[in-house]
Amino acid sequence: MTRFLITSALPYINGVKHLGNLVGSMLPADVYARFHRAKGDDTLFICATDEHGTPAELAALETGQDVATYCREQHLIQADIGARFGLSWDFFGRSSSVQNRELTQHFARALWKRGYLEVRTTKQVYSHAEKRFLPDRYVIGTCPYCGYDRARGDQCENCTRVLDPTDLINPRSAVSGSSEIEIRDSAHLFLKQSEFVEQLRAWIDSHEADWPNLVLSIARKWLDEGLKDRGITRDLEWGVPVPDDIGDGQLKGKVFYVWFDAPIEYIGATKEWSDARGKSDADWQRWWRPASPADVTYFEFMAKDNVPFHTVGFPVTILGSGENWKLVDRVKGFNWLTYYGGKFSTSQKRGVFMDTALELLPADYWRWYLMANAPESADSSFTWEHFASVVNKDLADVLGNFVNRVTKFCAARFDGQVPAEGNYGAEEAALASELDRRIAQYAEHLEQVEFRKALAELRAIWVAGNEYLTRAAPWTAIKTDRAKAAVGVRMGLNLVHLFGHLAWPVIPSAARVIHDAIMEAPDIIPWPTEPMAEFLDQLDAGQAVRVPDVLFAKITDEQVGEWQVRFGGEGVS
RNA sequence: GGCAGCGUAGCUCAGUGGUAGAGCAGGGGAAUCAUAAUCCCUUGGUCGGGGGUUCAAAUCCCUCCGCUGCUACCA
């Protein structure tokens, strides 16, 4: 049976991530990983912080810390928030780890030996004020086309023209504002991606059936436009150093480009995981260099801006190495989650970030809303009104109230114990067969990573519970026919138990509380594999049942209004 | 400019050739176990505009409009 290797795009080290980052990679990867663990599959879910690059260096500078200290602190912050969001990483690594440095250098050496790397001299902007080279977008000046005076060196945000830093009038550093900048020659390593076009195209075509349209079209676009060789080194301090034996000594003091080493950290973090447990290399290599590729199904989750790096850049690294590393099997790409139709923005304090989200409400509220409205086919817009209505209806009314009404009625009329009287009949058989069908659908949607559809189906399963309860009406039956009422309550309690199982991949904390009401939940709440006729008839008569506290409190209009103001809501853009 | 995705009910979205769908919101009813929750019934759309192919188009082709993003040194 195949093992499931799951990676989420690496959150960049520069600050706490917002809900859009969460729903675009980490959260769906977590739901999928939990689903496979629940099914009993051998599953490994890997993530890490992406720590190299100019923004990290500048952010450290701003806080007055050295970059290594800054990254260490930020990594711990992100690890903590991820854990509190229920992100069940088997390991959350760091792209600045020793393991990743060694692996990155290993891949570079393999590519160099096979002739896929080449040294080329490029023109780079050097700023005297910062005593450092600046990426194009960190140079600003006046746009020669439209006159906008804060155009970036890579593109003018005003007229959207693509620019080169040398095009700018009055160029200056975006960091210090200093105009003491000059263009210097700098040698860099280029990865000959152009030699892999046919190989990549054949590989991408082979996934016609199992990659989403969004991913296929982005990947093909890059090939169709003519794949260029890509510079994979930078003039920075912080990063994986280029080893002396590569590049004939022309690259002393340079580091690899963050997009070269970041995907390799998927492997690096797996080695970090293995090393942390004191295991041998075979332990992590069984995931990345399996005896047969079919032994492992490798699944990547990411937002659409990351698709080219995962379907073109990283595969070239793997293929070019000539070694038997695992290539990705399935890719799930997401569009953007917007905030009232606009961008989430750290600098403008616009939108909701993971830390503040948890100050407002528990993780499951967010997990449910985000996955039920995941930006799968198009960008989707977060609004407080929509969030409140989804949470109130789905979680509080349909699910929470079901658990509450069943357990409370049981407590009031059956001493809080699973009643023994009566036998299941046609009504219960019909429900079991409906649920067999719906659960199979729910599982299929999860396997196909159609999260909106999956969660709609899960909600329909909860609704089926409410429908059954209305038909069984134990509150009426109890007046004349205690056995009939007992049947309804017993089925209701079995349904509560079932819901605890089915909800676990999506809302793990609430699922645990629900399960605990019936019996103590295991760490991994398993997927129900029995036919429902059997599963829904498993509670022992006489066993005690607890009434859990209110599972989901409703979000009030006052809260919606307050949060709109606090986070920049409607009309703000 | 080029490219990609999207445009379907008031809102959020399914639906890729065969009589327009779901959830929410709105309207009516039932029930009273429950977080006033639930359940049943129901109103509502010339499928962005225009043209074409076809016995038949939301779906295929052309064109125009709008929104969002990408355009390779941000990550």
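Naming: A, B, ... by sequence-line order, numbering from 1 per chain. Values in this document were obtained by computation on a predicted structure and should not be read as measured data.
Taking side-chain N and O atoms only, A:Y145 has no distance below 4.0 Å to OP1 or OP2 of B:rG1. A sub-4.0 Å separation between OP1 or OP2 of B:rA37 and a side-chain N or O of A:K554 is present.
Side-chain N/O atoms of A:D210 and A:H207 include a donor and acceptor closer than 3.5 Å. Side-chain contact check for A:H310 and A:Y266: at least one donor-acceptor pair (N or O, by modelled atom type) lies under 3.5 Å. If you check the side chains of A:S380 and A:N373, you find no donor sitting under 3.5 Å from an acceptor. Using a 3.5 Å distance cut-off with no hydrogens or angles, the side chains of A:K554 and A:N392 do not pair a donor with an acceptor. A donor-acceptor contact under 3.5 angstrom links the side chains of A:S176 and A:E130, judged on distance only. Between the side chains of A:Y257 and A:H188, no donor-acceptor pair is found at a separation under 3.5 Å. Side chains of A:Y340 and A:E385: a donor on one and an acceptor on the other come within 3.5 Å. Between the side chains of A:W384 and A:Y339, at least one donor N or O lies within less than 3.5 Å of an accepting N or O.
In this entry the distance linking CG of A:L223 with P of B:rC3 reads 17 Å, nearest Å. In this structure, A:L469 atom CG and B:rA34 atom C1' are separated by 9 Å, rounded to whole Å. In this structure, the CZ atom of A:F387 is 22 Å from the P atom of B:rG23, given to the nearest Å. To the nearest angstrom, P of B:rA22 lies 17 Å from CG of A:D394. For the pair A:Q78 CD and B:rA75 C1', the computed distance is 13 Å after rounding to whole Å. Spacing between atom CG of A:N466 and atom C1' of B:rA36 amounts to 14 Å, rounded to whole angstrom units. Summarising the geometry, the separation between CD1 on A:I478 and C1' on B:rA34 is reported as 15 Å, rounded to the nearest angstrom. Residue A:L214 contributes atom CG, which lies 8 Å from atom P of B:rC6 at whole-angstrom precision.
The pair A:D235-A:K254 meets the salt-bridge criterion, with a side-chain N (NZ, NE, NH1 or NH2) lying under 4.0 Å from an Asp/Glu carboxylate O. Under a 4.0 Å N-O distance rule, the pair A:R546/A:D516 does not qualify as a salt bridge.
Among the atoms of the strands shown, base atoms are found under 4.0 Å from some heavy atom of A:F552. Looking at heavy-atom distances under 4.0 Å, A:K17 makes no contact with the nucleic acid at all. Residue A:D305 is classed as a base contact, given a heavy-atom separation below 4.0 Å to a base. Across all strands, A:G231 comes closer than 4.0 Å to no nucleic acid atom at all (heavy-atom distances). Contact annotation for A:P55: backbone-only contact, meaning every heavy-atom pair under 4.0 Å involves sugar-phosphate atoms and none involves a base. Backbone-only engagement by A:R459 is indicated by non-hydrogen atom pairs under 4.0 Å involving sugar-phosphate atoms exclusively. A:F402 comes within 4.0 angstrom of no nucleic acid atom, judged by non-hydrogen atoms across all strands. Among the heavy atoms of the strands lying under 4.0 Å from A:G226 is at least one base atom, whether or not backbone atoms are also near. A:K393 comes within contact range of the sugar-phosphate backbone alone, with a heavy-atom separation under 4.0 Å but no base atom that close.
The residue from A:T49, A:T104, A:N100 that alone fulfils the side-chain contact (heavy atoms from CB on, under 4.5 Å) condition with A:E265 is A:N100.
A gap of 15 Å separates the P atoms of B:rU8 and B:rU68, to the nearest Å. Between B:rA20 and B:rA56, the two P atoms lie 15 Å apart (nearest whole Å). When the P atom is compared between B:rG69 and B:rC64, the two are found 23 Å apart, to the nearest whole Å. Taking atom C1' in both B:rU71 and B:rC61, one finds a spacing of 28 Å when rounded to whole Å.
Checking B:rU38, B:rG5, B:rA75 against the side-chain heavy atoms of A:R405 singles out B:rU38 as nearest. Distance from the side chain of A:V258 is smallest for B:rA75 among the nucleotides B:rC74, B:rA25, B:rA75. Comparing B:rA72, B:rC74, B:rU38 by their closest approach to the side chain of A:W222 singles out B:rA72. Relative to the side chain of A:W336, the nucleotides B:rA75, B:rA72, B:rG69 differ in distance, and B:rG69 lies closest. In the set B:rG5, B:rC39, B:rG69, the nucleotide with an atom closest to the side chain of A:V463 is B:rC39. Ranking B:rA72, B:rG69, B:rU32 by closeness to the A:K304 side chain, first place goes to B:rG69. Residue A:K221 places its side chain closer to B:rC70 than to any other of B:rC70, B:rA75, B:rU32. Candidate nucleotides B:rA72, B:rA31, B:rC39 were compared by shortest atom distance to the side chain of A:W475, and B:rA31 ranks first. When the nucleotides B:rA72, B:rC74, B:rG69 are ranked by their closest atom to the side chain of A:R230, B:rA72 comes out on top. Comparing atom distances between the A:E467 side chain and each of B:rC74, B:rC39, B:rC24 picks out B:rC39 as nearest.
In this structure, A:F256 has its ring center no closer than 6.0 Å to that of A:H52.
Checking A:A553 against A:N335, the closest nucleotide of RNA chain B that is more toward the 5' end is the one next to A:N335.
In this structure, A:K332 is positioned above the aromatic face of A:F334, its NZ or CZ under 6.0 Å from the six-membered ring centre and within 45° of the axis.
Between A:F409 and B:rC33, no base-stacking contact is recorded for ring centres under 5.5 Å apart and planes less than 30° from parallel.
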Self-check item: Base-pair map of RNA chain B as dot-bracket, where | denotes pairing with a different strand and pairs are Watson-Crick or G-U under 3.5 Å
Solution: ((((((((.[[[[.)..(..]]]].(((((.......))))).....[[[[[..)....]]]]])))))))....
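Counting distance only, with no hydrogens placed and no angle test, the side-chain atoms of A:Q155 and the base atoms of B:rU71 include a donor-acceptor pair under 3.5 Å. Judged by atom type and distance alone, A:N401 reaches the base of B:rA34 through a side-chain donor-acceptor pair under 3.5 Å.
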Exercise. Quick one, give me the B/S/- string for nucleotides 9-15 of chain B, reading 5' to 3', where B means a protein heavy atom under 4.0 Å from the base and S means that only happens at the primed atoms, P, OP1 or OP2.
Key: ---SSSS
